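See below for the structure under consideration.
Atoms considered below: every heavy atom in the structure, side chains included; atoms not considered: hydrogens, waters and symmetry mates. Each chain gets a letter, A, B and so on, in the order its sequence line appears, and its residues count up from 1. Model, not experiment: these values are computed from the prediction.
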Number of protein chains: 2
Amino acid sequence: MWMSELAATSGLPVPTIKYYLRERLLPPGEAVGATRARYDQTHVRRLRLVRALTEVAGLRLEDVRRVVEAIEDTGRPLHDVLGSAHTRLPSTVAPGHGEEQRDRVDALLDRHGWVLDDDSPHRDSLAGALAALAALGRDPVEGLLDVYADSAEAIARVDLATMDWSDRENATEHVVIGTLLLEPVLLTLRRIAQENVSRRRDD
Amino acid sequence: MWMSELAATSGLPVPTIKYYLRERLLPPGEAVGATRARYDQTHVRRLRLVRALTEVAGLRLEDVRRVVEAIEDTGRPLHDVLGSAHTRLPSTVAPGHGEEQRDRVDALLDRHGWVLDDDSPHRDSLAGALAALAALGRDPVEGLLDVYADSAEAIARVDLATMDWSDRENATEHVVIGTLLLEPVLLTLRRIAQENVSRRRDD
């Protein structure tokens, strides 16, 4: 397809697409003569992903480029690409002073057979949140964290169950959109469940 | 205890405590003579709750008062008090245009035996998030929402397992702090679990 058709299909204006080409967020089309190029479904998919990252996730173009680079580096396994995307999403918690909770976080990850890159921000996020709870005298019991981790695993399995693993572009979009837009769903269901656990006890 | 001791115990300055008394966020002490009053542990607990609501949850005093009123109205069941507190916490999602998803949300609640007040904001939150997903072509399959709801129920049970149900003040503080500070823990664990589900598949 020509540029004009790519614009119509993706819902993005031509100048925006040209800007993405210059910024290397979109690979070049197949040159046809000196000034024209043809585009295909890989470009449509990439533009969908860039829109999801910028409009839904609110990422800066610099961060979008790093996610895109991870996708294009086909030597990197997919979990590494997903981790790269996660790392650039808005953090779920401000990093706190949780040094004394790091061992506890590592033990939790171990118990659930989870591996985490050394430079992953998740370890500090968890340690910071646990430190904030401890400071308020609400240190969660160990069993609580295990129920959370088991639930997170069940949720992650169903999150990825319908994902097309063969398409790195689409898989990354799936994870980014699913992570961000299903987070409020999960939190809201937890609040509803709390009220109902309490209601049944009252009855 | 006298006001000065209440200030020392709660870590709040005397003028702040006097302000809370005037604003009826704190019940009056027991009058001793014309100008002095004695305070007890109920005042310490209330101040802990007010601090949690203002400093952790970021509530305005007007919303804190409504939570406090719900606690003091002993004719209201506890689940109603917790629901009132939840309603005033920061929403997990901006209300969207999810009218067409309302029936789906109601069916989900029904399947899990959950009751929700007609004026609860949770129904709109869920419908709005589902509408946003559908607009991006990422409408979650029904089974996904059921796994989310089952997980939310397991989490809510463990959230409330260590709660002292006989103390409405303490129970409300438990729910407010636990809801807000454990939310990022849950979301971070979900991201870690996603990366690990993907990692195991890659291996």
Side-chain angles (χ1 to χ4, degrees), chain A residues 52 56 77-79 82-83 86 92-93 109 113-116 122 125-126 129-130 132-133 136 138 140-141 143-145 147-149 151-160 162 165 174-175 177-179 181-199 201-202, chain B residues 52 56 77-79 82-83 86 92-93 109 113-116 122 125-126 129-130 132-133 136 138 140-141 143-145 147-149 151-160 162 165 174-175 177-179 181-199 201-202:
Chain A
V56 181
L78 186 58
H79 71 260
L82 303 183
H86 272 156
T92 57
V93 64
L109 298 174
W114 287 342
V115 179
L116 207 54
H122 296 326
S125 293
L126 288 176
L130 293 178
L133 280 158
L136 289 165
R138 297 279 171 189
V141 294
L144 181 140
L145 293 177
V147 171
Y148 271 58
S151 301
E153 173 105 21
I155 288 165
R157 282 182 197 283
V158 71
D159 280 337
L160 305 189
T162 57
W165 296 79
H174 180 107
V175 163
I177 293 181
T179 295
L181 293 189
L182 285 167
E183 283 182 350
V185 170
L186 178 57
L187 298 185
T188 303
L189 290 173
R190 174 174 172 240
R191 294 187 185 186
I192 295 173
Q194 283 187 352
E195 285 174 45
N196 277 274
V197 168
S198 175
R199 185 188 299 270
R201 205 181 175 284
D202 286 342
Chain B
V56 181
L78 187 58
H79 72 260
L82 302 184
H86 272 156
T92 57
V93 64
L109 298 174
W114 287 342
V115 179
L116 206 54
H122 296 326
S125 293
L126 288 176
L130 294 179
L133 281 158
L136 288 164
R138 297 280 171 188
V141 294
L144 181 141
L145 293 177
V147 171
Y148 271 58
S151 301
E153 173 104 20
I155 288 165
R157 281 181 198 282
V158 72
D159 280 337
L160 304 189
T162 58
W165 296 79
H174 180 107
V175 163
I177 292 182
T179 296
L181 293 189
L182 286 167
E183 282 181 351
V185 170
L186 178 58
L187 298 184
T188 302
L189 291 173
R190 173 174 173 241
R191 294 188 184 185
I192 295 173
Q194 282 186 353
E195 284 173 46
N196 277 275
V197 168
S198 176
R199 184 188 299 268
R201 205 181 176 285
D202 285 342

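- Across B:R190 and A:G178, no two heavy atoms sit closer than the pair NH2-O, 2.9 Å.
- In terms of non-hydrogen atom pairs under 4.5 Å with chain A, the most contact-rich of B:V141, B:V175, B:V197 is B:V197.
- If you take CG on B:L116 and CG on A:N196, they are separated by 7.5 Å, rounding to the nearest 0.5 Å.
- A donor-acceptor contact shorter than 3.5 Å is absent between the side chain of A:R199 and the backbone of B:W114.
- Shown are B:H79, B:E153, B:R157, B:H86; of these, the side chain to side chain donor-acceptor pair (under 3.5 Å) with A:Q194 is made only by B:H86.
- In terms of heavy atoms, B:A152 sits closest to A:A193 at O-CB, 3.6 Å.
- With a 4.5 Å cut-off on non-hydrogen atoms, B:L160 touches chain A through its side chain but not through its backbone.
- To the nearest 0.5 angstrom, B:I192 atom CD1 is 5.0 Å from A:L109 atom CG.
- A side-chain contact (heavy atoms from CB on, under 4.5 Å) with B:L144 is found for one member of A:I155, A:T162, A:D159 and no other, namely A:D159.
- Your options are B:V115, B:L133, B:V147, B:L82, and the one with the most heavy-atom pairs under 4.5 Å with chain A is B:V115.
- Looking at A:V185 and B:L145, their side chains come closer than 4.5 Å, going by heavy atoms from C-beta outward.
- Counting heavy atoms from C-beta on, the side chains of A:T179 and B:L187 never come closer than 4.5 Å.
- Separation of atoms CG (B:L189) and OG (A:S151) is listed at 9.5 Å; rounding is to 0.5 Å.
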